[in-house]
Amino acid sequence: MPAKKLALVKSAGQIARDEGVSLYLVGGAVRDLLLGRPTEDLDLVVEGDAEILACIMAKRLSGQVVSRSQFSTAKIKVDGVSLDMITARSEHYSRPGVLPQIAYGNMEEDLARRDFSVNAMAFPLHLGGSAQLLDPFDGESDLERGLIRVLHDKSFVDDATRIMRAVRYEQRLGFRMEDDTETKLLRDVTMLDTISGHRLCREFHLWLAEEHCVETLVRADRLGIMAAIAPSLAGLSQLVESVLLGAERRSVDEQVILGILTYPLDSSDGAKIIGRLHMSPRWATVVRDTIALRSELPRLSDARLSPSYLYETLVTSTTAAVQACAMASTSEDASSNLKLFLDKLRHIKPSLGGKDLIELGVPQGRAIGDMLVKLRSAKLEGTITSRAEEVALVKNWLTMQIT
Ligand code: ATP
Ligand code: MG
């Protein structure tokens, strides 16, 4: 753990000991530390009131409590490092897919509510040097064997987002699902129907943000998870795989991957997926624009199209959609036209602005906008290149208005 984080975690343990409460580092941080991977979030569980301990810690360490909620959680920030604190709890699911009922409990109960054995380990911080890992589900041996394993038979039924999480961790860590877990996943995959669009979309987002997102989508498809989310998503990971094979993954934006994934859909299936995942307006636009632009590609598959025509046709689509179509299209002419737009045409602007035009005598109002469009078209076509030529074009136009 980086020195600054380690020092903070140690101080947190010391304060907990002084206050006589048990405090544990849990979940992803423990897993990643044991794997020697960099840790992002530091999640701490308190056997006691997390909010109160957070306030004491913030005060003693000259930090701030940056958020707290009625569910006994709090986030503190000390010297740029944040700690997420939560009161130990047990959970009970009254129905599949609904949010669980919560009761405060001890660390063992808190670990039992978690998703996978590798995420269900806790390291006591209040015990100092004599601390031993709390690992009731043998997470450490699953880490050694590279296995993702649920804690009980009904895990995916209680919360089917774990189906999507299982694939994400498997692919991120280079693990595989333990056989029995995979059997349960296949048995319970339709439980994804019980999950709200908002939660599904959040998990989908997390997939696309993964470095191994292509492998994650492909694996999810093979397991029938894509089909369970929406029937028309089945089989679509193949295109993503073939398009992004060899591409530098980090250079491809999440929204572009979303576009490539939904590229083959028709607009009615696109609308269904937007609805099922309760997509944000931004994401929905990427999906809609990609599908609409794909149907325009035959018209754009012509190497002789003028730059201003390309500009006017493509400028109304969101950039991620144009990128997705450029990558997914099988027409070389269409792809190179879209790339020309992305790399060059969309950046071309007249050097003169509205104010310059007014100074030159263009009447205020619509004429300004029209003139700017004319200037841009002339620049796109290459008939003018310099500022002086722009000025000449404007003056020429003004003379024509007078005569
Ligand atoms: P990441 O690196 O992806 O953030 P993480 O393990 O920190 O991995 P989070 O989503 O931040 O994952 O959740 C923190 C912890 O909360 C997990 O390690 C797991 O123990 C628990 N958890 C999260 N989501 C669920 C869930 N749906 N069901 C059960 N436990 C969960
Ligand atoms: Mg986390």
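Each ligand, and each atom within it, is numbered from 1 in the order the structure gives.
- Of the candidates Asp158, Asp115, Val45, it is Asp115 that places a heavy atom closest to atom 19 (C) of ligand 1.
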Practice task
Please assess Trp283 against Ile274 for the test side-chain contact (heavy atoms from CB on, under 4.5 Å), listing each intermediate value before the final yes or no.
Solution key: CA-CA 8 Å; Trp283 270 37; Ile274 290 169; over 6 Å; no

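- Ranking the protein heavy atoms by distance from atom 11 (O) of ligand 1 puts Asp41 OD2, 3.8 Å first.
- Neither the backbone nor the side chain of Leu206 comes within 4.0 Å of ligand 1, counting heavy atoms alone.
- Annotation for ligand 1: atoms under 4.0 Å from non-hydrogen atoms of Thr161 are 27 (N).
- Counting heavy atoms under 4.0 Å from ligand 1, residue Asn119 touches it through both backbone and side chain.
- Contact annotation: for Val26 versus ligand 1, there are no heavy atoms closer than 4.0 Å.
- Here the straight-line distance linking atom CD1 of Ile102 with atom OG of Ser90 works out to 9.0 Å at 0.5 Å rounding.
- Contact atoms of ligand 1 toward Gly27: 18 (O) (distance under 4.0 Å to a heavy atom of the residue).
- Protein heavy atom in closest approach to atom 16 (O) of ligand 1: Arg114 NH1, 3.4 Å.
- At a threshold of 2.8 Å, the Mg ion (ligand 2) has no backbone or side-chain N, O or S atom of Glu40 nearer than that distance.
- Counting heavy atoms under 4.0 Å from ligand 1, residue Phe116 does not touch it at all.
- Distances below 4.0 Å separate heavy atoms of Asp43 from the following atoms of ligand 1: 14 (C).
- The residue among Arg165, Arg202, Arg31 with a heavy atom at the shortest distance from atom 17 (C) of ligand 1 is Arg165.
- Each of the following atoms of ligand 1 lies closer than 4.0 Å to a heavy atom of Arg172: 1 (P), 2 (O), 3 (O).
- Near Arg113, meaning under 4.0 Å from any of its heavy atoms, are these atoms of ligand 1: 29 (C), 30 (N).
- Residue contacts with ligand 1 for Arg37 are absent, since no atom lies close enough (heavy atoms, distance under 4.0 Å).
- Distances from ligand 1 to the non-hydrogen atoms of Arg162 include at least one value under 4.0 Å.
- Remark: Glu210 engages Arg172 in a salt bridge, criterion side-chain N to carboxylate O under 4.0 Å.
- Within a 6.0 Å radius of CZ in Arg222, no more than 12 heavy atoms belonging to other residues, nucleotides or ligands are found.
- Interface of Gly28 with ligand 1, defined as ligand atoms under 4.0 Å from a residue heavy atom, comprises 5 (P), 6 (O), 7 (O), 18 (O).
- Less than 4.0 angstrom separates some heavy atom of Arg168 from each of these atoms of ligand 1: 3 (O).
- Within Asp41, the N, O or S atom lying nearest to the Mg ion (ligand 2) carries the name OD2.
- Inter-residue side-chain proximity for Met107 and Val26 is flagged as met; some heavy-atom pair is nearer than 4.5 Å.
- Considering backbone and side-chain N/O atoms, Asp32 never comes within less than 3.5 Å of an N/O atom of ligand 1.
- When each atom of ligand 1 is checked for a heavy atom of Asp159 under 4.0 Å away, the hits are 26 (C), 27 (N), 28 (N).
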Practice task
Carefully, step by step, assess Glu389 and Thr385 under the rule side-chain contact (heavy atoms from CB on, under 4.5 Å).
Solution key: CA-CA 7 Å; Glu389 283 171 319; Thr385 50; 3.0 Å; yes

